[in-house]
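As a basis for the values below, the full set of heavy atoms in this structure was taken, side chains included, without hydrogen atoms, waters or symmetry mates.
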There are 4 protein chains.
Amino acid sequence: MRKEPRQARSRATVETVIQAGARILGNEGWAGFTTNKVADLAGVSIGSLYQYFPDKLSLVDAIRRRHLEDCLAVMRKSKADGLSPVQFVANLVHAMVDAHSIYPGLHRVLLDEAPSSDDYRNPNSEFEIEYLNYYAEAVGAYRNRLPNGADHTAALIISDAIDGVIHNAARRGMLTDSTMQSELVRLVSLYLADAGDEATA
Amino acid sequence: MRKEPRQARSRATVETVIQAGARILGNEGWAGFTTNKVADLAGVSIGSLYQYFPDKLSLVDAIRRRHLEDCLAVMRKSKADGLSPVQFVANLVHAMVDAHSIYPGLHRVLLDEAPSSDDYRNPNSEFEIEYLNYYAEAVGAYRNRLPNGADHTAALIISDAIDGVIHNAARRGMLTDSTMQSELVRLVSLYLADAGDEATA
Amino acid sequence: MRKEPRQARSRATVETVIQAGARILGNEGWAGFTTNKVADLAGVSIGSLYQYFPDKLSLVDAIRRRHLEDCLAVMRKSKADGLSPVQFVANLVHAMVDAHSIYPGLHRVLLDEAPSSDDYRNPNSEFEIEYLNYYAEAVGAYRNRLPNGADHTAALIISDAIDGVIHNAARRGMLTDSTMQSELVRLVSLYLADAGDEATA
Amino acid sequence: MRKEPRQARSRATVETVIQAGARILGNEGWAGFTTNKVADLAGVSIGSLYQYFPDKLSLVDAIRRRHLEDCLAVMRKSKADGLSPVQFVANLVHAMVDAHSIYPGLHRVLLDEAPSSDDYRNPNSEFEIEYLNYYAEAVGAYRNRLPNGADHTAALIISDAIDGVIHNAARRGMLTDSTMQSELVRLVSLYLADAGDEATA
DNA sequence: GATGAATGAGTATTCATTCAT
DNA sequence: CATGAATGAATACTCATTCAT
């Protein structure tokens, strides 16, 4: 960011711009995301937007940072000791559904469509590490041991399967379909329950 | 298409343009897909491109039609009588991996990013029907009965989970990772094997 | 207009663009009227032009609105009580000549050549109504009664004859030829003076 | 023209192209007149069109030559000895209405809109000379003397007034309105009848 | 700091014209 | 001669970004 906002007013401007940006990005995709539209919706001048974000990429990076942080927060809350595998997966799925509910499509746009100066997709990025760690720990936990290499693959599989099902459900307008959700829970639970035996093969 | 190519020369032009378009769409996404870039890469003039495609959308539609047809072809080949669930799923996964291998990312761009005048995403589109039918039949087959409503949900789950895992693997450059592939097969097989008991719940 | 110009600077830009547009339209016709040429002549960037006019049509509409308003203004001024028919017609002809003098050819281009989103040519358009009313009232006045249906035809004849003579004079570079002007006055005056007797036939 | 057509087939091609061109020019104006559209409508290849017309201008020139020749022919037929002024003017007006009836608008497009390599608009062009001569002779005839300078102006006035009334009638779809036609005849007859006294003033 | 007017490189698309078949 | 595929300069319009007020 070009300038760290010091005053309350500035912080509010930045906040409004990020919210407006998220909305446009979610509703219209990367191709419909223009800085002037964002400034308009945020109710600030285009000059003010550029006061805080030196260019378009830095704005989308801020939106993404914010969104991924929200995702992690919601995931952290879903984790609790003493949950059965099924309960854990159910929590997780509901958390992810929630994260997609505000602007269905925003998640996908941020992860797949919008370019970035950060390499948040890099396997070593802060976000990717915490994100996959979360899954790997869960896999390890349900095998009663520390996560290992095979668990890492399992974590990817689970994370990406959930991602795929939810993203396509969003596309079809089925995000809140409870059958879909319970079947997704079953898909992941079965895999997780069985994983201890063969994942190392 | 604006004009049906009659001579061999023009059929070759159309073909080259579609190939070039697929490559650029796959590598640079919808935002990087410009008609001039496509014409350049195809080695034809921009005028020639517009002789056969009345606008950008019609070109992307042609690319999509071609790609989805290729996907279906590869999927049809993976189906054979007398396969065990695991064998069937393995075939399917390998088929989808193949379909993504030429231009990883093209599939996602075509399905999620690029706009369309056709509504190929519509649940009633020719492609979507055959695509999901393929999965629903398989689900039914492995429960030794005709497909029903619950099977439709199961088909979506399987299709979308495979889609998500492969798409994210492509993003991470892990498309050919054999551990990933076998774990994906396991994820789906377990669900398919268990499906008969509870899917109707 | 896309954006209402607020600052004096932007109002000046809009004004300059309209002037430049009128000049090019008058000199080069609709086919030679390109937005880039207009912006160039106006000395502004093409982007500035599009900041105020959403497309080419809206620009030509603005030019036309301006020109027709000027025409009506000049015509209103030519009307005065107690004029003899010849004086009235002379005033009228001079007014129309004036309206054509700034950019000879502009009038014709605006009325015949350039497309429009408004339907200013529609017999019920604000302009056409006031324009023909002006003539019909005059015809009625010189017959010492209210205008009626036949007067409407007479108004068209007068209006269109003046239009034709002046337009072709402009084409031939004879707009300021005084013989032409006086003969035109005679043509119309004779018709007007005689009209009371037979126009209803 | 690039090549003088010798064979009957060639002459037929040229003819078809001119007809198609006149139709498009009349219906769609200069801006809608494209060589490919003309070739299509004529049912010949674009290559063949360019075999006979080296460029677009030469085609429009051919169309114009043809049209003006038709106009003159129709006018010549309207002239006969021993006609009263009113009869003569009536003949003339009907002739001009006829000339506009095939493709209303073509006349105006050819004279005002479409560019030309010939300078048919030049007061010394073959067409303009014959055209105005026709009117000047008539003016002279009805004053029982040879045409002189003043008659030349009167000829312009008459020609251009008729042109203006008919062209605007065409624009309003009133070309065949008989009241309009008879009023036009009256406008011109009155002027012609009175001309002998004051035109020299 | 905030504003919004101005900029201009970039993108989709058309159409007169050429030339290999 | 006829065909129609190919060409590319020209044109309408967009949008990230700057800077005078």
Side-chain angles (χ1 to χ4, degrees), chain A residues 3 5-7 9-10 13 31-40 44-57 59, chain B residues 2-14 31-39 43-57 59, chain C residues 2-14 31-39 43-57 59, chain D residues 3 5-7 9-10 13 31-40 44-57 59:
Chain A
K3 258 178 186 169
R6 282 159 210 275
Q7 303 176 6
R9 184 165 50 135
S10 306
T13 300
F33 178 78
T34 75
T35 51
N36 281 287
K37 246 194 262 179
V38 173
D40 260 18
V44 305
S45 71
I46 183 65
S48 291
L49 187 155
Y50 274 89
Q51 195 94 49
Y52 298 111
F53 302 96
D55 57 25
K56 204 184 177 183
L57 271 189
L59 172 55
Chain B
R2 170 176 284 178
K3 223 177 185 175
E4 213 46 40
R6 283 156 210 273
Q7 303 177 5
R9 184 165 48 135
S10 52
R11 250 175 287 121
T13 298
V14 167
F33 179 79
T34 75
T35 51
N36 282 288
K37 255 193 254 179
V38 172
V44 305
S45 70
I46 185 63
S48 289
L49 187 157
Y50 277 92
Q51 195 112 55
Y52 300 106
F53 301 96
D55 55 25
K56 206 183 171 182
L57 268 189
L59 172 55
Chain C
R2 171 175 285 178
K3 223 178 188 177
E4 214 45 41
R6 282 158 209 272
Q7 303 178 5
R9 184 164 49 136
S10 52
R11 249 176 288 123
T13 299
V14 167
F33 179 79
T34 75
T35 51
N36 282 290
K37 252 194 257 178
V38 173
V44 305
S45 71
I46 183 64
S48 288
L49 188 156
Y50 277 94
Q51 194 114 56
Y52 300 105
F53 301 97
D55 56 24
K56 205 183 171 180
L57 268 190
L59 173 55
Chain D
K3 258 179 184 168
R6 281 157 210 275
Q7 302 174 9
R9 183 166 49 136
S10 306
T13 299
F33 178 78
T34 75
T35 50
N36 281 287
K37 247 194 261 179
V38 173
D40 260 18
V44 305
S45 71
I46 183 65
S48 291
L49 186 155
Y50 274 89
Q51 195 92 48
Y52 296 110
F53 302 95
D55 56 25
K56 205 185 175 183
L57 271 188
L59 171 56

**Request:** Would you mind telling me which residue lines up with the more 5' stretch of DNA chain F, C:F33 or A:F33, judged by nearest nucleotide?
**Result:** C:F33
**Item:** Residue-phosphate contact under 4.0 Å: C:S48 side-chain N/O, E:dA5 OP1/OP2
**Value:** no
**Request:** Starting at atom CG of C:L49, determine the distance to atom P of F:dC15, rounded to an integer number of angstrom.
**Result:** 16 Å
**Request:** Check whether any side-chain nitrogen or oxygen of A:S45 sits under 4.0 Å from OP1 or OP2 of E:dA2, and answer yes or no.
**Result:** no
**Request:** Might you point out which heavy atoms bring B:V14 and B:F53 nearest each other, and give the distance in Å?
**Result:** CG1-CZ, 4.0 Å
**Asked** Hey, is the main chain of C:G32 close enough, under 3.5 Å, to the side chain of C:K37 for a donor-acceptor pair?
**Response** yes
**Message:** Can you tell me if B:S10 touches the phosphate of F:dG4, counting only side-chain N or O atoms and a distance under 4.0 Å to OP1 or OP2?
**Reply:** no
**Asked** Where the side chain of D:T34 is defined as all heavy atoms beyond and including C-beta, which of E:dC15, E:dT13, F:dC1 is the nearest nucleotide?
**Response** E:dC15
**Prompt:** Does the side chain of D:T35 get closer than 4.0 angstrom to OP1 or OP2 of E:dC15 through an N or O atom?
**Reply:** no
**Prompt:** Given the rule in the side-chain hydrogen bond (donor to acceptor under 3.5 Å, both in side chains) test, do A:S48 and A:S45 qualify, once you have shown the distances and angles that lead to the verdict?
**Reply:** CA-CA 5 Å; A:S48 291; A:S45 71; 3.2 Å; yes
**Prompt:** Quick one: which of E:dT13, E:dA5, E:dA2 gets closest to the side chain of A:Q51?
**Reply:** E:dA2
**Item:** Which nucleotide in E:dT3, E:dA12, F:dC13 has an atom nearest any side-chain atom of B:Y50
**Value:** E:dA12
